[in-house]
Amino acid sequence: MRLRAPLAFAALFVLSLTHTSSAQQPDRDSSSAARVSALLGVLADDSMEGRDTGSRGGAAAARFIAAELERAGLRPAGDSGWFQRVPLARVTVTLQNGQTRRSMRLQPDVATRDTFPAADRVTAVNVVGLLPGSDPTLNNDVIVIDAHYDHIGIAATPINGDSIFNGADDDASGTVAVMEVARMLAGSRPRRTVIFLLSTGEERGLLGTRWFIDHPVVPFERIVANLEIEMIGRPDSLAGGAGKAWLTGYDRSTMGQLLRDNGIPLVSDPRPDQHFFERSDNIAFARRGVPAHTISSYNLHADYHRVTDEVRLVDAAHMAAVINATARAAQLLANGPVPTWLPGGQPVAPAPRP
Ligand SMILES: [Zn+2]
C-alpha cells in the first residue's frame, strides 16, 4: 500500500543474506495457517532486507517467489524466465516547493537506463507466471491476480534496535496469497487464462505494474479483470473480523456483487475517505479500463510502513481464511461472468506522463 505522500529514499547498508526455501506438504485444495506462516516467515524475514525495489533483498524475494510459482506448476511468463525486467534509474526531482529529493523513475528500455551513471541504474523485476485456460474460446480472456512483493527496505536510523522494514502485512501477506491462489488454481484447470503477477516498485509509484501494463506479456486487450491482494495479515473489525475482508471500489463494477453473490465474504471498503482504491496497483489497470479491485483487511494499524510490521503480529488463521476465499474469487473470475464497470465507476485516466 502506498503512502499518500511520496516517500524519501531510505539509505541502504549491508547485511548478510541467508534464507532457505520453504518445504511443506501442500494440500492442493486449500491454504492453511501453517503454510501461510512458513511462506510469510521467509518473505518477511530480516534476511530479505525489507525487499526494497532493485535491492539485493528484493532480488532474493523474487527468486523465492519464482521457485514457488514453478513448484505450483505455472509457466514462466516474464522476458527472462519468471522475471520481467523493469529498467529504472535514480534521479533527483525538484518538488513544487523548490526542494529536491531522490526518486526512482521508469526508463523506456535497458539501453536508456544504461546511459545513467552505474550507481544510479536500478534493475528490478516483476515475477510473472501464467496458467493457460482450458477452454478453447474463453482462454483468450486473461485474469490478472497480483500483489506487490516490494517494500521500503532498511531504515536510515534503527528504531529500538530494529532497522528492517519487514513488510509482513504490506505486502508479504498479499504475495503469499497470490502464491497460494496460484497453487490452488493450477490444480483445477480454470477456463480462462490466469496471470499471476508479483510486482516490484509499488511503494515507489506503482513502477512494476506500470511497466507491466505498457509491456504486457499478453495483448493488453485480452485482460478482462484484475484482482489484487494487499494487506490481509490482520483482521479488520469493520470488515466483520477474522476471515473477512473488504474490496476497494466495491460499487464501481459488478465484481463485488458477483463475488458476494457467490458466498465470498467481502464487504465494501469501510473507509472510502482513505482512497484505498487509488493507493495500490489495481488503479493502474482500472485507469486503462480493466475492472480492477483490491482485497484487503488493513485495519489502519499503527505498524503501517514502520519496522514493526512483523510476522509475529500477523494472524495466520485469518490470512489463510481470506486466501481460501480469494482462491474461490479467482475461480469465479476465471470460470464465470466477466465483471463490467457500473455507470460512472470507471476512473478517468490521468494525463499521459512526459
Ligand atoms: Zn506500502
Side-chain angles (χ1 to χ4, degrees), residues 1-12 40 43-46 48-55 57-58 61-62 65 86 88 101-104 122 124 126-127 146-156 159 162-178 197-212 226-234 236 245-249 269 271 273-286 292-311 313-314 319 322:
M1 189 80 74
R2 295 190 68 198
L3 282 173
R4 295 174 76 173
L7 185 86
F9 191 71
L12 298 178
L40 203 65
L43 277 172
D45 190 76
D46 279 356
M48 292 291 180
E49 301 177 326
R51 304 186 306 279
D52 203 359
T53 301
S55 73
I65 295 162
V86 180
L88 301 167
R101 68 177 182 87
R102 298 286 275 166
S103 178
M104 278 187 205
V122 180
N126 293 327
V127 189
D146 74 304
H148 73 92
Y149 73 88
D150 68 293
H151 194 53
I152 55 175
I154 302 172
I159 298 131
D162 187 1
S163 58
I164 308 289
F165 292 106
N166 302 82
D169 193 16
D170 182 11
D171 190 23
S173 68
T175 302
V176 167
V178 172
L197 166 65
L198 287 311
S199 63
T200 187
E202 191 266 0
E203 304 282 13
R204 307 287 175 200
L206 317 185
L207 302 173
T209 293
R210 283 167 45 207
W211 180 265
F212 177 89
N226 165 233
L227 183 60
E228 188 194 339
I229 305 97
E230 168 89 281
M231 301 185 74
I232 56 163
R234 308 186 193 188
D236 180 10
W246 37 268
L247 189 75
T248 63
D269 175 359
R271 302 177 189 86
D273 55 306
Q274 288 282 332
H275 298 278
F276 287 131
F277 182 72
E278 284 97 20
R279 282 172 61 188
S280 199
D281 283 314
N282 68 286
I283 188 63
F285 285 96
H293 302 266
T294 296
I295 287 179
S296 179
S297 63
Y298 175 40
N299 62 11
L300 300 192
H301 59 72
D303 303 306
Y304 171 78
H305 281 208
R306 298 221 170 112
V307 295
T308 45
D309 183 0
E310 302 269 8
V311 173
L313 296 173
V314 166
M319 231 184 98
V322 172

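Numbering of ligands and ligand atoms starts at 1, following listing order.
Sorting the N, O or S atoms of D170 by how far they are from the Zn ion (ligand 1) puts OD2 first. Restricting E203 to its N, O or S atoms, the one at the least distance from the Zn ion (ligand 1) is OE2. The atom name of the N/O/S atom in H305 closest to the Zn ion (ligand 1) is NE2.
Ion pairing between R234 and D303 holds under the 4.0 Å rule for side-chain N and carboxylate O.
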Let me see the working for N126 and W211 under side-chain hydrogen bond (donor to acceptor under 3.5 Å, both in side chains), right down to the final yes or no. CA-CA 9 Å; N126 293 327; W211 180 265; over 6 Å; no
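Side chains of D309 and H151: a donor-acceptor N/O pair is absent below 3.5 angstrom, by distance only.
Among the atoms of M231, no N, O or S atom falls under 2.8 Å of the Zn ion (ligand 1).
Residue N282 forms a side chain to side chain donor-acceptor pair (under 3.5 Å) with just one option from N226, T294, T209, and that option is T294.
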